[in-house]
Amino acid sequence: MNDFLLVFRRDYKTKEIQPSPEQLQAHLCRWREWVNDLRARDLLARPVQPWEAGGMVLQNDKSVTDGPYAEIKESIGGFIVIKAGSYEEAAEIAKGSPIFELGGTVEIRMAVV
């Protein structure tokens with residue numbers, strides 16, 4: 001088994017497509033269910049924790065801007081590290097992610113050992 005990083009991104013800026021508070025609560029329940037299922041199947045390689053939608057970006061000239069990325073709409077909402085045998089298996093696991101309900105994407109990267 002290898003460790004795979006799943007990075008969850010979606011548009012957090014376009015007001016018209018943001019979920020209502022009720023929709024967001026239901027969506028977060030589906031996240032908990034999905035993560036609990038991964039945990040029960042022993043597919044989580046690292047602890048899971050939520051992250052703030054905002055943050056900052058340190059540029060290569062050492063300047064700091066509010067982030068995550070002011071020039072794009074899509075930003076990172078969180079990540080997990082899972083155990084899978086291949087990219088294909090990691091992609092199958094990632095397909096269950098609730099991020100797709102809100103038009104998001106999942107970036108998949110394998111750990112270098």
Side-chain angles (χ1 to χ4, degrees):
M1 293 292 248
N2 297 299
D3 286 356
F4 287 86
L5 174 69
L6 304 184
V7 179
F8 307 104
R9 292 190 173 99
R10 74 173 182 88
D11 179 347
Y12 290 90
K13 290 188 173 193
T14 304
K15 188 174 183 173
E16 300 78 35
I17 64 170
Q18 299 311 308
S20 69
E22 296 80 18
Q23 291 169 320
L24 185 57
Q25 282 303 111
H27 181 72
L28 292 175
C29 284
R30 288 187 289 283
W31 272 102
R32 281 190 288 279
E33 291 168 1
W34 184 62
V35 169
N36 286 337
D37 178 62
L38 295 178
R39 185 177 289 116
R41 294 168 41 205
D42 194 32
L43 294 176
L44 289 178
R46 303 274 190 270
V48 176
Q49 68 185 58
W51 298 88
E52 292 182 349
M56 63 174 54
V57 176
L58 182 62
Q59 304 293 336
N60 62 1
D61 67 358
K62 307 296 188 286
S63 65
V64 177
T65 58
D66 288 337
Y69 297 99
E71 69 275 5
I72 63 173
K73 292 181 183 177
E74 189 178 74
S75 60
I76 295 173
F79 71 91
I80 61 174
V81 179
I82 62 165
K83 296 182 271 188
S86 65
Y87 269 104
E88 292 75 19
E89 186 179 334
E92 284 302 312
I93 293 168
K95 286 178 183 178
S97 168
I99 197 70
F100 300 112
E101 297 172 4
L102 299 178
T105 63
V106 180
E107 178 181 337
I108 303 169
R109 294 191 181 199
M110 185 169 62
V112 179
V113 181

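A quick note: this is a predicted structure, and the numbers were derived from the prediction, not measured.
- A search for side chain to side chain donor-acceptor pair (under 3.5 Å) contacts involving Asp37 returns Arg41, not counting sequence neighbours.
- For residues 94-113, no residue pair satisfies the ring pair (Phe, Tyr, Trp, His ring centres under 6.0 Å) rule, not counting sequence neighbours.
- Summarising the geometry of Ala84 relative to Ala90, their closest heavy-atom pair is CB-N, 3.8 Å, with the distance given to 0.1 Å.
- The shortest side-chain heavy-atom distance between Leu5 and Ile108 does not fall under the 4.5 Å cut-off.
- Considering only heavy atoms from C-beta on, His27 comes within 4.5 Å of Pro98 through its side chain.
- For the pair Phe8 and Ile80, the minimum side-chain heavy-atom distance is below 4.5 Å.
- Screening residues 22-36 for salt bridge (charged side-chain N to carboxylate O under 4.0 Å, His left out) gives Arg30-Glu101 as the qualifying pairs, with residues at least two apart or on separate chains.
- For the pair Met110/Asp3, no side-chain contact is recorded, criterion being any heavy-atom separation below 4.5 Å from C-beta on.
- Under the rule for a side chain to side chain donor-acceptor pair (under 3.5 Å), the partners of Gln23 that lie at least two apart in sequence or sit in another chain are Ser20.
- For Glu88, the side chain to side chain donor-acceptor pair (under 3.5 Å) criterion is met by Ser86, not counting sequence neighbours.
- Each of Leu102 and Val106 belongs to its own hydrophobic cluster when Ile, Leu, Val, Met, Phe, Trp and Tyr are linked at side-chain heavy-atom distances under 4.5 angstrom.
- Proximity of a side-chain donor or acceptor of Glu89 to a complementary backbone N or O of Gly85 within less than 3.5 Å is detected.
- Legend: residues meeting ring pair (Phe, Tyr, Trp, His ring centres under 6.0 Å) with Tyr87, ordered by chain and number and at least two apart, are Phe4.
- Qualifying salt bridge (charged side-chain N to carboxylate O under 4.0 Å, His left out) partners for Asp42, counting only residues two or more places apart in sequence or in other chains: Lys83.
- Residues Leu43 and Met1 come closest through the heavy atom pair CD2-CE, 4.3 Å.
- A donor-acceptor pair under 3.5 Å is formed between the side chain of Ser97 and the backbone N or O of Ile99.
- Partners of Ser63 according to the side chain to side chain donor-acceptor pair (under 3.5 Å) rule, which considers only residues two or more places apart in sequence or in another chain, are Asp61.
- A donor-acceptor pair under 3.5 Å is formed between the side chain of Gln18 and the backbone N or O of Asp11.
- Ile93 and Leu44 end up in the same hydrophobic cluster when Ile, Leu, Val, Met, Phe, Trp and Tyr side chains are linked at under 4.5 Å.
- Scored by the salt bridge (charged side-chain N to carboxylate O under 4.0 Å, His left out) test, Arg109 finds Glu107 as partners (sequence neighbours excluded).
- The salt bridge (charged side-chain N to carboxylate O under 4.0 Å, His left out) test applied to Glu92 returns Lys95, not counting sequence neighbours.
- When all heavy atoms of Leu6 and Trp34 are compared, the pair lying nearest together is CD1-CH2, 4.3 Å.
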